[in-house]
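Remember, it's a predicted structure, so these values are computed and weren't measured experimentally. The figures that follow rest on heavy atoms only: side chains count, while hydrogens, waters and symmetry mates do not.
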Amino acid sequence: MSAVRVRGVTASYTPGVPVLHAVDLDVFAGSTTAVLGASGCGKTTLLRIIAGFVRPDAGEVEIGDRVRVDFRRIDDDLTLPIWRREEQQ
């Protein structure tokens, strides 16, 4: 089982200009993973989505048995993820 699973994540900051295009990623428990790429290719955006600080336009993020299903805006700079357990889907 993956410790972190990203499925079909798409994100954009400007409508119609995607930064991430249907990204899939599995990070297994106990593994070491690096995200590499050119400047501006979406590395930080992907990590911010996994952490729950940025809302993806599409896709899903699972951490362990929790799936992020919603976000709650705290202020203009902070969004907190809302999680549910996989069995609650």
Side-chain angles (χ1 to χ4, degrees):
M1 177 179 194
S2 298
V4 176
R5 172 173 272 175
V6 175
R7 288 289 171 258
V9 167
T10 299
S12 60
Y13 292 104
T14 304
V17 184
V19 176
L20 299 175
H21 309 269
V23 172
D24 293 333
L25 172 70
D26 287 302
V27 179
F28 296 95
S31 69
T32 300
T33 302
V35 179
L36 304 173
S39 178
C41 73
K43 301 176 300 290
T44 299
T45 300
L46 176 61
L47 296 175
R48 289 174 57 85
I49 288 170
I50 291 169
F53 298 132
V54 172
R55 177 184 298 191
D57 297 332
E60 182 175 86
V61 175
E62 300 175 21
I63 297 181
D65 65 348
R66 299 179 306 164
V67 178
R68 189 173 63 231
V69 294
D70 196 6
F71 295 80
R72 185 158 297 147
R73 172 122 344 246
I74 301 302
D75 62 30
D76 290 339
D77 297 320
L78 181 61
T79 303
L80 296 179
I82 307 301
W83 298 90
R84 71 172 175 214
R85 299 222 176 260
E86 241 180 297
E87 62 268 9
Q88 295 173 336
Q89 293 184 19

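- A distance-only check finds no donor-acceptor pair linking the side chain of S12 to the backbone of V17 [under 3.5 Å].
- Side-chain atoms of V54 and Y13, non-hydrogen and from C-beta on, do get closer than 4.5 Å to each other.
- Taking every heavy atom of both residues into account, T10 and A22 meet most closely at OG1-N, 3.0 Å.
- Listed here is the closest heavy atom pair of P56 and V9: CB-CG1, 4.0 Å.
- Looking at L20 and I49, their side chains come closer than 4.5 Å, going by heavy atoms from C-beta outward.
- A donor-acceptor pair under 3.5 Å is formed between the side chain of K43 and the backbone N or O of G37.
- I50 has its side chain out of reach of V27: every pair of non-hydrogen atoms, C-beta onward, lies at least 4.5 Å apart.
- To the nearest 0.5 Å, atom CG of residue D26 and atom CZ of residue R7 are 4.0 Å apart.
- Contact detail for A3 and A29: the closest heavy-atom pair is CB-N, 3.6 Å.
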